[in-house]
Novice: 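Sharing a structure here in structure tokens format.
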Amino acid sequence: MQHKLYIHNTLNRQKELFEPLNEPFVGMYVCGPTVYGDPHLGHARPSITFDILFRWLRYSGYKVRYVRNITDVGHLEHDADEGEDKIAKKARLEQIEPMEVVQYYTIRYHNAMNALNVLPPSIEPRASGHILEQMEYVQKIIDNGFAYESEGSVYFDVEKYNQKHHYGILSGRNIEEILENTRSLDGQSEKRRSVDFALWKKASPEHIMRWQSKWSDGFPGWHLECSAMGQKYLGERFDIHGGGMDLIFPHHECEIAQSVASLGHSTVRYWMHNNMITINGQKMGKSLGNFITLDEFFTGSHSLLTEAYSPMTIRFFILQAHYRSTLDFSNEALMASQKGFLRLVEAYERLQKIVPSKETSVEIKDWNTLCMDAMNDDLNTPIVISHLFDAAKTINTVYDGKGTLSETDLNMFKAVFRTYMIDILGLKTEQGDSKYLDSYKKAIDLILTLRLEAKQNKNWALSDKIRDELASYGFVVKDTKDGFEWSL
RNA sequence: GGUUCCUUGACCGAGAGGCUAGGUAGCGGUCUGCAAAACCGUCGACAGCAGUUCGAAUCUGCUAGGAACCUCCA
């Protein structure tokens with residue numbers, strides 16, 4: 001395997017050479033969505049980021065097991081206060097089962113991911129299907145003395161843990177100061193310290209998902225599922241754990257504490273975190289209510305959007321920024337991505353039509369190596385895209401008749417686009433390829449061939465009529481030197 | 001208040017000591033029956049101040065502005 005992939009490890013905040021534990025196998029775990037709402041643009045970022053990593057690792061020759069969970073436990077409560085909301089009201093009236101909510105939004109999530117051309121993970125475990133594993137995990141932490149029971153709930157003893165290990169290793173926090181400050185504050189609560197977190201929580205009456213345990217009727221703590229399921233499917237040590245930056249603390253910090261408390265050592269070697277998507281400079285998030293759902297993008301049904309944006313435009317938009325940078329959303333930025341992506345797609349389509357010559361007369365670069373280097377540098381997709389644009393420019397020159405390409409070089413172009421644009425970046429150029437579509441394309445080609453004849457006869461009235469009519473149906477007709485191109 | 005980080009041209013964004021990405025928009029041209037596309041050229045930036053250096057967008061310090069996390073969040 002010839003690879004020198006460097007990835008940014010949150011543990012020490014620098015790029016490190018990626019060396020898997022058991023080459024050629026790679027285990028990666030990514031925090032998936034909590035399925036209680038429609039997926040929004042923010043959800044698309046980790047999915048796409050780690051989809052890229054998944055694809056790149058596989059392309060590099062690894063055998064990857066990619067686990068991404070569905071969180072369907074812990075957040076679901078009866079919304080007693082939001083009485084005026086029509087949907088909530090209806091849900092209450094119809095007595096919807098929590099699993100119906102889970103089912104509904106899981107399907108919505110999968111549909112959106114599918115549209116974005118995000119490959120399904122190898123395993124997609126659900127928290128609700130791993131209650132036993134989580135209970136065992138809790139018991140192990142109790143047995144090792146790092147948790148205590150209190151009124152039916154079980155809490156992780158952060159102070160005790162921190163005496164032997166470093167709680168805060170991932171987020172760069174010094175918990176001792178916090179411990180000093182909070183020691184006297186919370187005597188009445190069932191938790192000993194405010195920093196302690198729940199491993200098992202006794203269910204209050206409004207909690208509708210609950211399981212029997214030796215401690216209480218309740219449900220597992222929020223951080224536990226990832227530890228338990230990661231260990232179950234990837235082992236006591238595995239390579240990569242990913243998620244959004246907002247999960248670093250407390251979620252991933254707690255995961256580390258849990259696995260160390262249970263196993264005596266940490267599980268994950270490389271922690272990777274994608275940055276946030278912002279809107280007007282502020283994080284797009286569920287709690288802030290400033291999110292736009294993926295469906296709203298696909299249909300254009302949001303006041304901030306002037307039109308509908310295809311899933312591939314969204315994907316391209318996200319890949320034009322590095323995953324560790326914030327990405328500021330605006331309709332204007334999205335329009336720029338849409339046009340840019342179209343430019344690449346058109347270049348790719350033209351590439352298929354270029355006839356090879358004996359010699360290459362244009363300047364070419366080793367784009368394959370350039371793209372590979374960019375990917376190996378912590379998945380620098382914006383650089384890969386800039387190389388594709390560079391190559392596209394050359395393709396256009398040749399297509400324009402201002403240069404030639406030999407068969408070897410032409411094949412190199414095709415391979416680069418095929419590999420990087422289609423396979424690695426996952427940017428589909430075709431929206432579909434049914435028989436209907438094929439026939440319909442031929443019909444349009446026929447009409448435009450007739451128009452070409454009209455043009456040759458200088459029948460401008462007819463040729464303009466065809467173009468204008470087609471335009472009114474949404475087609476864009478472009479004349480080339482000796483033919484035409486069209487798109488919708 | 002604590003921890004971490006950011007500020008690049010009209011907009012979105014790479015880069016991380018000299019080689020000053022890329023896209024979108026703008027401007028000028030070539031091509032064209034017209035239009036569009038394409039191609040060529042062009043405009044235009046490193047928040048401010050001070051320092052280190054032969055040389056700084058890139059390193060250091062200060063100032064201003066902003067963000068994330070510290071509660072669920074991708």
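Just so it is clear: chains get the letters A, B, ... in the order the sequence lines come, proteins before strands, and each one is counted from 1.
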Novice: Name the nucleic acid region contacted by Met276(A), choosing base, sugar-phosphate or nothing; use a 4.0 angstrom heavy-atom cut-off, strictly under.
Specialist: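 Base, at least one base heavy atom under 4.0 Å.
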Novice: Between side-chain atoms of residues 377-385 of chain A and protein atoms elsewhere (two or more places apart, or another chain), which donor-acceptor pairs fall under 3.5 Å?
Specialist:
{"residue": "Asp377(A)", "atom": "OD1", "partner": "Lys15(A)", "partner atom": "NZ", "Å": "2.8"}
{"residue": "Asp378(A)", "atom": "OD1", "partner": "His8(A)", "partner atom": "N", "Å": "3.1"}
{"residue": "Asp378(A)", "atom": "OD1", "partner": "Tyr323(A)", "partner atom": "OH", "Å": "2.6"}
{"residue": "Asp378(A)", "atom": "OD2", "partner": "Tyr323(A)", "partner atom": "OH", "Å": "3.3"}
{"residue": "Asp378(A)", "atom": "OD2", "partner": "Arg324(A)", "partner atom": "NE", "Å": "2.8"}
{"residue": "Asp378(A)", "atom": "OD2", "partner": "Arg324(A)", "partner atom": "NH2", "Å": "2.8"}
{"residue": "Asn380(A)", "atom": "OD1", "partner": "Ile383(A)", "partner atom": "N", "Å": "3.4"}
{"residue": "Thr381(A)", "atom": "OG1", "partner": "Leu319(A)", "partner atom": "O", "Å": "2.7"}

Novice: In whole Å, what separates the P atom of rA45(B) from that of rU20(B)?
Specialist: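 Going atom to atom, P in each nucleotide, I get 15 Å.
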Novice: Starting at CD1 of Ile248(A) and ending at P of rU71(B), how long is that distance when rounded to a whole Å?
Specialist: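 One finds 15 Å between P of rU71(B) and CD1 of Ile248(A), rounded.
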Novice: Can you confirm whether or not the ring centre of Phe329(A) sits under 6.0 Å from the ring centre of Phe297(A)?
Specialist: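 Yes - the distance between ring centres of Phe329(A) and Phe297(A) falls below the 6.0 Å cut-off.
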Novice: For Trp367(A) and His387(A), I'd like to know if the aromatic rings sit close, meaning centre-to-centre distance below 6.0 Å.
Specialist: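 No; His387(A) has its ring centre 6.0 Å or more from that of Trp367(A).
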Novice: Nearest whole angstrom, please: distance from the P of rA74(B) to the OH of Tyr109(A).
Specialist: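 Between P of rA74(B) and OH of Tyr109(A): 9 Å.
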Novice: If you measure from the C1' atom in rC73(B) to the same atom in rA68(B), how many Å do you get, rounded?
Specialist: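 The answer is 12 Å between these two C1' atoms.
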Novice: In B/S/- notation, 5' to 3', how is nucleotides 17-33 of chain B contacted by protein heavy atoms closer than 4.0 Å?
Specialist: ----BSBSS-------B
Novice: With both distances under 3.5 Å as the test, what is the Watson-Crick or G-U wobble partner of rG65(B)?
Specialist: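 Per the H-bond distance test, rC6(B).
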Novice: Checking Lys4(A) against Leu17(A) for the side chain to side chain contact (heavy atoms under 4.5 Å, CB included) test, could you report, in this order, the C-alpha distance in whole Å, the side-chain angles of both residues, the deciding distance, and whether it holds?
Specialist: CA-CA 7 Å; Lys4(A) 35 176 179 25; Leu17(A) 180 64; 4.2 Å; yes
Novice: rC73(B) C1' sits how many Å from His252(A) NE2, rounded?
Specialist: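 Checked: the NE2 to C1' distance equals 12 Å.
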Novice: Just call it for Leu344(A): base, sugar-phosphate, or nothing, with non-hydrogen atoms closer than 4.0 Å on any strand.
Specialist: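 Counting heavy atoms under 4.0 Å across all strands, no contact is made by Leu344(A).
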Novice: Hey, do the aromatic rings of His223(A) and Phe197(A) have their centres closer than 6.0 Å?
Specialist: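 Yes; Phe197(A) has its ring centre under 6.0 Å from that of His223(A).
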Novice: To the nearest 0.5 Å, how far apart are CE in Met284(A) and CG in Leu288(A)?
Specialist: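 Interatomic distance, Met284(A) CE to Leu288(A) CG, rounded to 0.5 Å: 10.5 Å.
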Novice: Considering only the P atoms, how many Å lie between rG18(B) and rC27(B), rounded to the nearest integer?
Specialist: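 Those two atoms are separated by 35 Å.
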Novice: Using a 4.0 Å heavy-atom cut-off, does His322(A) contact any base of the nucleic acid, only the sugar-phosphate backbone, or nothing at all?
Specialist: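 It contacts sugar-phosphate atoms only.
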Novice: Just name whichever nucleotide pairs with rU71(B), Watson-Crick or G-U, keeping both distances under 3.5 Å, else none.
Specialist: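 Across all strands, not a single nucleotide pairs with rU71(B).
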Novice: Which one is paired to rG17(B), where only Watson-Crick or G-U wobble pairs with both distances under 3.5 angstrom count?
Specialist: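 Matched rG17(B) with nothing under the 3.5 Å cut-off.
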Novice: Under 4.0 Å between a side-chain nitrogen and a carboxylate oxygen: does that hold for Arg55(A) and Asp423(A)?
Specialist: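 No, Arg55(A) and Asp423(A) are not salt-bridged.
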Novice: Calculate the interatomic distance between Lys201(A) atom NZ and rU71(B) atom C1'; express it in whole Å.
Specialist: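 Going from Lys201(A) (NZ) to rU71(B) (C1'), I get 13 Å.
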Novice: Leu288(A) CG to rA67(B) C1': how many Å, rounded?
Specialist: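 In whole Å, rA67(B) C1' lies 12 Å from Leu288(A) CG.
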Novice: Mind checking the P distance from rC6(B) to rG61(B)? Whole angstroms is fine.
Specialist: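 The same atom, P, in both gives a distance of 13 Å.
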Novice: Could you work out which one of rA14(B), rC73(B), rC39(B) sits closest to the side chain of Asp400(A)?
Specialist: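 The answer is rC39(B), which lies nearest to the side chain.
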Novice: Given atom CG of Asp377(A) and atom C1' of rA16(B), what is their separation to the nearest angstrom?
Specialist: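 Those two atoms, CG and C1', are 11 Å apart.
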Novice: Kindly say if Asn396(A) contacts the phosphate of rC39(B), meaning a side-chain N or O under 4.0 Å from OP1 or OP2.
Specialist: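 Affirmative; the distance criterion is met.
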Novice: Please report the distance separating the P of rA57(B) from the corresponding atom of rA50(B), rounded so that it comes out in whole Å.
Specialist: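 To the nearest whole Å, 14 Å.
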Novice: Taking the nucleotide of RNA chain B with the closest heavy atom to each, which residue, Ala321(A) or Gln282(A), is nearer the 5' end?
Specialist: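 Counting from the 5' end, the first nearest nucleotide belongs to Ala321(A).
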Novice: Heavy atoms only, 4.0 Å cut-off, all strands: where does Thr49(A) land among base, sugar-phosphate and nothing?
Specialist: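 Nothing, no heavy atom under 4.0 Å.
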Novice: Which of the following nucleotides, rA74(B), rC12(B), rA37(B), is nearest to the side chain of His40(A)?
Specialist: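 Closest nucleotide among those given: rA74(B).
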Novice: Among the candidates rC12(B), rG15(B), rC73(B), find the nucleotide nearest to the side-chain atoms of Lys283(A).
Specialist: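 Of rC12(B), rG15(B), rC73(B), rC73(B) is nearest to the side chain of Lys283(A).
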Novice: Could you list the protein-to-nucleotides 3-6 of chain B atom pairs, N/O on both sides, closer than 3.5 Å?
Specialist:
{"residue": "rU3(B)", "atom": "O2'", "partner": "Ser171(A)", "partner atom": "O", "Å": "3.3"}
{"residue": "rU3(B)", "atom": "O2'", "partner": "Gly172(A)", "partner atom": "O", "Å": "3.1"}

Novice: Could you tell me how far apart Ile52(A) (CD1) and rA74(B) (C1') are, to the nearest whole angstrom?
Specialist: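 Roughly 16 Å, once rounded to whole Å.
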Novice: Yes or no on ring-ring contact (aromatic ring centres under 6.0 Å, His included) for Tyr161(A) and Phe156(A), after CA distance, side-chain angles and deciding distance?
Specialist: CA-CA 8 Å; Tyr161(A) 173 83; Phe156(A) 191 94; 5.4 Å; yes
Novice: Can you label the angle between the Phe316(A) ring and the Phe341(A) ring as parallel, tilted or perpendicular, going by 30° and 60°?
Specialist: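 Answer is tilted, since the angle falls between 30° and 60°.
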Novice: Expressed in angstrom and rounded to an integer, what is the separation of Ile279(A) atom CD1 from rC12(B) atom P?
Specialist: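 So the CD1-P distance, Ile279(A) to rC12(B), works out to 13 Å.
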Novice: In the structure shown, which nucleotide is the Watson-Crick or G-U wobble counterpart of rU42(B), with both distances under 3.5 Å?
Specialist: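 Pairing partner: rG26(B).
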Novice: Regarding Gln338(A), tell me which of base, sugar-phosphate or nothing describes its non-hydrogen contacts under 4.0 Å with the strands shown.
Specialist: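 Here Gln338(A) touches no strand at all.
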Novice: Can you confirm whether or not the ring centre of Trp271(A) sits under 6.0 Å from the ring centre of His252(A)?
Specialist: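 Here the rings of His252(A) and Trp271(A) have centres that are less than 6.0 Å from each other.
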Novice: Using both distances under 3.5 Å as the test, list the Watson-Crick or G-U wobble partner of rU60(B), or none.
Specialist: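 Because both required distances fall under 3.5 Å, rU60(B) counts as paired with rA50(B).
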Novice: Between Trp200(A) and Phe219(A), does the ring centroid distance fall short of 6.0 Å?
Specialist: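 Aromatic pair excluded; centres sit 6.0 Å or further apart.
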Novice: Taking atom C1' in both rG15(B) and rG29(B), what distance in whole Å separates the two?
Specialist: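 To the nearest whole Å, 32 Å.
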Novice: Quick check: Tyr233(A) with His130(A) (ring centres under 6.0 Å apart)?
Specialist: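 Ring centroids of His130(A) and Tyr233(A) are less than 6.0 Å from each other.
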Novice: Please tell me which of the listed nucleotides, rG13(B), rA38(B), rC72(B), lies nearest to the side chain of Arg350(A)?
Specialist: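 Of all the options, the side chain of Arg350(A) is nearest to rA38(B).
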Novice: Between rG44(B) and rG26(B), how far apart are the two C1' atoms, rounded to whole Å?
Specialist: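 That atom pair is separated by 10 Å.
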Novice: Taking atom P in both rA25(B) and rC59(B), compute the distance separating them and give it to the nearest angstrom.
Specialist: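 Here rA25(B) and rC59(B) have their P atoms 33 Å from each other.
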